[in-house]
Amino acid sequence: MTDNVTRAGTPYQDAIRNNVWMHMSPHQALFNGGEAPVIVRGEGHHIFDDKGKKYLDGLAGLFTVQVGHGREQIAKAMYDQTLKLPFMPLWSYAHPQAIEVSERLASYAPGDLNRVFLTSGGGDSVESAMKLAKNYFKLVGKPGKHKIISRATAYHGTPHGALSVTSLPGLREQFAPLVPGAHKVPNTNFYRAPEHLAHDEKAFGRWAADRIGEAIEFEGADSVAAVFLEPVQNSGGCFPPPPGYFERVREICDEYDVLLVSDETICAYGRIGDMFACNDFGYVPDIITSAKGITSGYAPLGAMIASDRLFEPFGPGGDETFYHGYTFGGHPVACAAAMANFDVFEEEKLNDHVHENAAAFKFTLEKLKDLPIVGDVRGEGFFYGIELVKDKDTKESFTEEESERILKNFVSAKMYDSGLYCRADDRGDPVIQLSPPLTVGQNEFDEMEQIIRGVLQEAWTMF
């Protein structure tokens, strides 16, 4: 039946309508003649649908498939591990694959971030970091420190605790009340900086960082446990940190004894360049949360990596237990996929490839700024957002109705029809996001730019 469905395509749609509850997806159009795209195969940096059409994977699945699709080396490692040990939890036991991947992650991490807590994904990693921050301060005699600070428009996952750290009302309201004690500060969108800072990126960065210190003082330093920040903020459209931003945030966190959590669910594993993006931007956090590219999506896995200091109450100098875990956290097959994934990184020097080609990617995308609908092109490494505006001079954005009509109903579908899988996002101001596999080069940069150019030129005529 699978072969017949794959060839014909259409039987899939009935099953989708009747059985599949897709994630983050409105289903109403599917009951009015619409169809959900069905992707059946991936090869390198391309994906193929059930009708045989080929697309450039401009989003690496979902900021995930770093080494590209169809790597036999990773598949074989997973197969071999399945025959050897298909499952074993890390609940008071260990297995070689979890040991090896933990050791390797610690070698990539900066400073004394040597303690690796393996999870099932990014949201689990954020949830783990929240629980560790609160638990740690209770154990060192500061039980009042429980509040979490994050940035406006930020996304940190969908578990109930992580959703509290997330700053998108549209994702939060239907699940309220959320975990209390989460507070928001301005993000680092220099394109939308206050007028008095609009021409000085470093001053803007200092201003944005100081808002974190201000929030800690307002809430009371004895009540704030952690600050959660992405190196490059995803939601809202790839906001890179201004010069000096993280240096100042680190100072603030040290001053008030607040943990700095670098949420690298998207930014780790070569997306910005280094294995961990905090290394690219020159800061050492207290905790790194990660997932996605850790296996290039070949299996679900995440990691919370903490400093030795945070492990002390649970280590040889203490007598406490961190009562937290996941059935599939550190799954042996997923760990085998991660190790094979890291082997590909090192054999093909993918981190160097991103560092060496990031400027070319940026230069190619910035050509789009000659279009009247493109207000800003921003990002780092192989992670970029293109903000769409109604008026370039005033930076006026689209109304909600215009964004729905142009971004969701036209641009997103037209990109896909034109052979580019990417993301049109209006969770902040309307943006197109690009996060291709780390294997792409100038030919793919040009292809993305040309497809986007054609679609946006057509979109502009819709006004």
Side-chain angles (χ1 to χ4, degrees), residues 85 87-103 105-106 109 112-150 156-166 175 177-182 222-228 257-265 285-291 294 299-335 338:
L85 180 68
F87 176 72
M88 190 66 203
L90 295 179
W91 298 60
S92 300
Y93 293 82
H95 55 76
Q97 291 66 43
I99 296 167
E100 290 168 0
V101 80
S102 296
E103 195 173 37
L105 287 170
D112 68 341
L113 275 75
N114 296 312
R115 301 296 174 170
V116 179
F117 187 94
L118 295 171
T119 72
S120 307
D124 292 346
S125 297
V126 170
E127 201 82 4
S128 301
M130 290 180 67
K131 292 175 78 172
L132 176 59
K134 293 178 181 183
N135 194 181
Y136 171 78
F137 281 119
K138 279 186 173 65
L139 297 177
V140 297
K142 298 182 178 182
K145 292 176 81 69
H146 69 282
K147 296 177 183 176
I148 305 294
I149 292 172
S150 59
H156 292 281
T158 56
H160 221 61
L163 190 59
S164 300
V165 184
T166 291
F175 306 110
L178 301 177
V179 176
D222 58 351
S223 73
V224 179
V227 176
F228 279 69
D257 193 19
V258 170
L259 304 182
L260 174 55
V261 181
S262 189
D263 183 0
E264 305 203 14
T265 301
D286 299 289
I287 300 174
I288 295 173
T289 56
S290 70
I294 191 172
L301 186 68
M304 176 191 71
I305 308 169
S307 68
D308 288 334
R309 173 172 72 106
L310 299 184
F311 185 74
E312 286 176 3
F314 312 103
D319 57 2
E320 300 292 340
T321 299
F322 187 44
Y323 284 111
H324 173 62
Y326 298 100
T327 299
F328 295 111
H331 191 288
V333 177
C335 289

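Just so it is clear, the values below take in all heavy atoms, side chains as well, and ignore hydrogens, waters and symmetry mates. Model, not experiment: these values are computed from the prediction.
- Annotation for C335 and A98: closest pair SG-CA, 3.9 Å, computed over non-hydrogen atoms.
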Do V165 and I149 pass the side chain to side chain contact (heavy atoms under 4.5 Å, CB included) test, and can you show the C-alpha distance, the side-chain angles, and the key distance before you say yes or no? CA-CA 7 Å; V165 184; I149 292 172; over 6 Å; no
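- A salt bridge does not link K145 to D222: none of the charged side-chain nitrogens sits closer than 4.0 Å to a carboxylate oxygen.
- H324 and K131 are linked by a side-chain donor-acceptor pair at a separation below 3.5 angstrom, with hydrogens and angles left out of the test.
- The structure places CG of L105 at 6.5 Å from OG of S290, a figure rounded to the nearest 0.5 Å.
- A donor-acceptor pair is defined here as one N or O able to donate and one able to accept, closer than 3.5 Å; no such pair exists between the side chain of H146 and the backbone of K138.
- Remark: side-chain polar atoms of S150 are not paired, donor with acceptor, to backbone N or O of F228 under 3.5 angstrom.
- In this structure, CD1 in I305 is found 10.0 Å from OG in S262, a value given to the nearest 0.5 Å.
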Show me the donor-acceptor pairs, under 3.5 Å and distance only, between side chains in residues 309-320 and residues at least two apart or in other chains.
| from | atom 1 | to | atom 2 | distance (Å) |
| --- | --- | --- | --- | --- |
| R309 | NH1 | Y136 | OH | 3.3 |
| R309 | NH2 | D286 | OD1 | 3.4 |

Would you please test I288 and M304 for side chain to side chain contact (heavy atoms under 4.5 Å, CB included) and show each step? CA-CA 6 Å; I288 295 173; M304 176 191 71; over 6 Å; no
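- In this structure, A291 and G122 approach most closely via the heavy-atom pair CB-N, 3.2 Å.
- Heavy-atom minimum distance, V126 versus A162: CG1-CB, 3.7 Å.
- Partners of T265 according to the side-chain hydrogen bond (donor to acceptor under 3.5 Å, both in side chains) rule, which considers only residues two or more places apart in sequence or in another chain, are D263.
- Partners of K142 by side-chain hydrogen bond (donor to acceptor under 3.5 Å, both in side chains), not counting sequence neighbours, listed by chain and number: D257.
- Taking all atoms of both residues into account, the shortest heavy-atom contact from S120 to Y326 is OG-CB, 3.9 Å.
- In this structure, F87 has its ring center under 6.0 Å from that of H331.
- The CD1 atom of I148 lies 10.5 Å from the NE2 atom of H156; values are rounded to the nearest 0.5 Å.
- G161 and V179 make their closest contact through CA-CG2, 3.8 Å (heavy atoms, listed as atom of the first residue, atom of the second, distance).
- Scanning for side-chain contact (heavy atoms from CB on, under 4.5 Å) contacts around I99 gives A94, with sequence neighbours left out.
- A donor-acceptor pair is defined here as one N or O able to donate and one able to accept, closer than 3.5 Å; no such pair exists between the side chain of Y93 and the backbone of M88.
- By the side-chain hydrogen bond (donor to acceptor under 3.5 Å, both in side chains) test, S125 is found to be paired with T119, residues two or more places apart in sequence or in another chain being considered.
- Within the model, atoms CD of E264 and CD1 of I294 stand 11.5 Å from one another, a figure rounded to the nearest 0.5 Å.
- Evaluation of the side-chain hydrogen bond (donor to acceptor under 3.5 Å, both in side chains) rule for D112 yields no partner, not counting sequence neighbours.
- M130 contributes atom CE, which lies 12.0 Å from atom CG of L132 (distance to the nearest 0.5 angstrom).
- Across all non-hydrogen atoms, the minimal contact from G329 to L90 is O-CD1, 3.7 Å.
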